[in-house]
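Data first, discussion second: the structure below is written as structure tokens.
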Amino acid sequence: MLDLKAIREDPAPAREALARRGDGSEAVLDRVLALDVRRRALLPEVEELRSTRKAASRQIGEQQGRGDDASEAIAEVRRSGERMKELEAELRRVEEELDRAVAELPNPPDPGAAPQDTVLREVGRSGATGRDHLELLGDLVDLEAGARVAGSRFAYLKGPLVLLELALVRWAMEVAGGHGFEPVIPPVLVREEALYGTGFLPDTEQQIYRVADDDLYLSGTSEVALASLHAGQLLDEPDLPLRYAGFSPCFRREAGAAGRDTRGIFRVHQFDKLELFSFVSVSEAVAEHERILAIEEELMQALGLPYRVVNIAVDDLGKSAAKKYDIEAWLPGQGAYRELTSCSNTTDYQARRLDIRYRPAEGKGTVHAHTLNGTAVAVGRTIIALVENGQQEDGSIVLPEVLGQWGAPARIEAAS
RNA sequence: GGAGGGGUGGCAGAGUGGACGAAUGCGCUGGUCUUGAAAACCAGAGUCGGGGCUUCCUCGACCGUGGGUUCGAAUCCCACCCCCUCCGCCA
């Protein structure tokens with residue numbers, strides 16, 4: 001969602017930024033501007049009618065208060081009501097259309113968003129190949145049972161993997177806390193408004209599970225509930241930044257992903273994730289984005305995983321991000337870098353849709369906050385990376401020492 | 001699942017069919033007092049959207065949402081949404 005006032009004065013920058021996405025959204029912007037013109041033509045007319053009506057009504061009250069006859073004036077006002085209703089109806093139609101068009105618009109990309117995916121740096125030893133996680137883990141991952149019980153792309157994780165997950169999450173929560181992120185367990189089922197506000201609707205409904213009887217949706221990421229935590233609130237700038245580390249299961253229908261990543265637990269319908277989310281003032285957003293990326297890298301390095309950082313291409317940003325970094329870990333089982341985490345600067349896009357503002361410390365008025373999100377640990381994929389990178393000649397797996405104190409096993413024995 | 005109560009300004013919380021958005025408290029801003037701060041006292045301040053001769057003026061909208069009654073609705077009626085309390089059930 002964009003700031004109409006700013007854009008009607010100078011639409012060029014927004015139009016050019018949107019055009020970079022290559023999705024035709026600059027045409028939507030032009031539609032928005034045309035509707036805005038119509039609205040502002042209609043509005044003064046309606047308002048003037050309302051104004052005179054209001055004055056007349058007040059007079060009637062005074063007349064009657066004095067005991068005078070006001071029937072003439074009442075008839076007069078009643079007549080003007082017809083015309084006003086027509087105009088108001090038309091205004092409402094225009095405004096509804098305008099709102100819909102505005103909601104369609106994606107966030108204009110940041111100038112720093114790359115034309116194509118761009119590798120910023122590679123860290124750690126990559127290039128190794130080996131057995132993939134399914135071979136290494138054997139029946140610690142039970143996809144057959146998952147499929148029988150819930151369908152394909154569901155899995156049971158067992159034994160040491162469970163301890164590994166819990167340790168991973170507990171440890172990452174500790175690291176996040178050290179960076180000022182408050183631990184949160186958010187709702188997983190959310191209302192439509194939360195998805196609309198974060199920009200997942202309207203657009204990606206085919207990716208989202210819906211609980212029809214209760215009109216709720218299963219979130220694909222706790223970003224949805226975390227962003228909505230302060231929806232409708234007017235904050236004070238000194239209270240910012242507000243930082244949360246949310247742990248939750250995530251649910252994705254993966255419609256349209258048929259045939260892709262079908263082996264193992266790389267792409268499943270349900271996984272657990274620790275997500276970082278920040279509400280910041282406008283001036284802090286860019287620095288916060290780098291901060292979140294730095295935390296993600298800190299986690300990768302502490303786990304000893306080889307990875308690279310990618311500045312994601314403008315045409316692949318998703319609706320809400322102005323700029324996005326992915327961290328891809330090297331997976332020896334696939335002989336490739338694959339996405340493990342992702343962090344986005346969504347600027348004021350979600351804050352506008354969710355109505356999250358703050359009073360600036362200096363000056364008057366209110367300002368929409370900026371929001372950012374990033375993966376701390378996507379558990380399933382991190383387990384894959386740890387297992388495949390920790391594999392030994394004999395098929396056993398050595399796990400990072402840091403996790404030991406949080407209850408993870410030091411190693412997993414070779415699958416039988 | 002059964003019964004009831006309620007949705008009002010940043011927060012808490014009054015409220016009458018007409019005094020032009022709304023008591024009071026807290027919080028906020030400015031001032032007085034003070035070496036400074038606190039307290040006390042005085043004053044100010046809602047949000048959004050139009051328009052303008054754009055540090056200000058003006059108009060409109062906004063008391064959950066949408067309809068209705070009325071010359072006039074926070075206030076009356078209807079529908080919907082949401083929240084809360086009690087009982088039942090329950091991890």
Side-chain angles (χ1 to χ4, degrees), chain A residues 1-10 32-103 185 187-197 201 211-217 225 228-240 242 249 279 281 348 351-369:
Chain A
M1 192 145 63
L2 296 168
D3 183 354
L4 260 179
K5 234 189 291 187
I7 285 174
R8 81 168 68 106
E9 271 170 37
D10 185 14
V32 164
L33 289 168
L35 285 164
D36 179 53
V37 168
R38 278 182 64 195
R39 172 173 177 269
R40 282 185 305 136
L42 233 40
L43 195 60
E45 216 176 326
V46 171
E47 290 190 345
E48 201 189 316
L49 267 174
R50 286 208 269 240
S51 182
T52 52
R53 239 175 105 80
K54 214 168 142 179
S57 282
R58 203 177 309 138
Q59 243 177 355
I60 288 165
E62 283 164 19
Q63 280 177 9
Q64 288 180 336
R66 286 195 302 270
D68 296 353
D69 176 35
S71 51
E72 182 84 4
I74 289 176
E76 171 76 36
V77 174
R78 198 178 275 157
R79 276 196 297 276
S80 77
E82 307 289 319
R83 177 132 176 275
M84 203 178 78
K85 274 198 176 142
E86 281 171 35
L87 273 175
E88 280 183 331
E90 196 187 338
L91 179 62
R92 195 171 332 124
R93 273 197 303 277
V94 170
E95 287 184 333
E96 277 168 10
E97 207 180 325
L98 178 62
D99 289 346
R100 267 199 305 278
V102 166
I185 293 180
V188 171
L189 285 165
V190 299
R191 290 186 215 286
E192 185 174 12
E193 300 88 84
L195 285 160
Y196 174 88
L201 292 178
V211 183
D213 281 349
D214 295 282
D215 212 19
L216 291 169
Y217 297 82
S228 302
L229 183 54
H230 292 292
Q233 292 187 2
L234 181 48
L235 307 163
D236 288 308
E237 185 167 8
D239 296 337
L240 301 176
L242 291 164
F279 299 84
S281 62
D348 63 356
R352 281 182 187 280
R353 295 164 78 102
L354 290 166
D355 186 28
I356 303 167
R357 293 167 297 152
Y358 65 88
R359 299 181 200 280
E362 305 281 324
K364 289 200 259 188
T366 62
V367 183
H368 285 99

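Below, read A as the first sequence line, B as the second, and so on, with proteins coming before strands; counting in each chain starts at 1.
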Residues two or more places apart in sequence or in another chain: which of them pass salt bridge (Lys or Arg N to Asp or Glu O under 4.0 Å) with [X]?
X         : result
Asp236(A) : Arg359(A)
Arg53(A)  : none
Asp214(A) : none
Arg8(A)   : Asp36(A)

Partner lookup for rC86(B), please. Criteria are Watson-Crick or G-U wobble with both distances under 3.5 angstrom; report none if nothing qualifies.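 Pairing partner, where one exists within any strand: rG2(B).
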rA61(B) - base-pair partner by Watson-Crick or wobble geometry, distances under 3.5 Å: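 Base partner found: rU47(B).
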Expressed as a whole number of Å, how far does the [atom1] atom of [N] sit from that of [M]?
N       : M       : atom1 : result
rA22(B) : rU75(B) : C1'   : 12 Å
rC84(B) : rG10(B) : C1'   : 22 Å
rU54(B) : rA73(B) : P     : 35 Å

Set out, line by line, the N/O atom pairs under 3.5 Å between protein and nucleotides 53-59 of chain B.
from    : atom 1 : to        : atom 2 : distance (Å)
rC56(B) : OP2    : Lys364(A) : NZ     : 3.2
rC59(B) : O3'    : Ser51(A)  : OG     : 3.3

Distances for protein N or O near nucleotides 67-69 of chain B N or O, under 3.5 Å:
from    : atom 1 : to       : atom 2 : distance (Å)
rG67(B) : OP1    : Arg92(A) : NH1    : 3.3

Determine which pairs satisfy salt bridge (Lys or Arg N to Asp or Glu O under 4.0 Å) with at least one residue from residues 90-101 of chain A, sequence neighbours left out, and list them in order. Arg39(A)-Glu95(A)
By side chain to side chain contact (heavy atoms under 4.5 Å, CB included) - contacts of [X] (at least two apart):
X         : result
Ser281(A) : Glu237(A), Leu240(A), Ser283(A), Glu284(A), Tyr358(A)
Thr52(A)  : none
Glu45(A)  : Arg83(A), Leu87(A)

Checking all strands, does Arg8(A) fall into the base, sugar-phosphate, or nothing category for heavy-atom contacts under 4.0 angstrom?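 Sugar-phosphate, no base atom in range.
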[X] side-chain proximity, nearest of [options]:
X         : options                   : value
Arg39(A)  : rG50(B), rC83(B), rC71(B) : rG50(B)
Arg53(A)  : rG49(B), rC71(B), rC82(B) : rC71(B)
Arg357(A) : rG49(B), rC48(B), rG51(B) : rC48(B)

With His230(A) via ring pair (Phe, Tyr, Trp, His ring centres under 6.0 Å) - residues at least two apart: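 His230(A): ring pair (Phe, Tyr, Trp, His ring centres under 6.0 Å) contacts with Tyr244(A), Phe279(A).
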Taking the nucleotide of RNA chain B with the nearest heavy atom to each, does Arg191(A) or Gly232(A) sit closer to the 5' end? Gly232(A)
Polar atom pairs (N or O), protein with nucleotides 25-29 of chain B, under 3.5 Å:
none

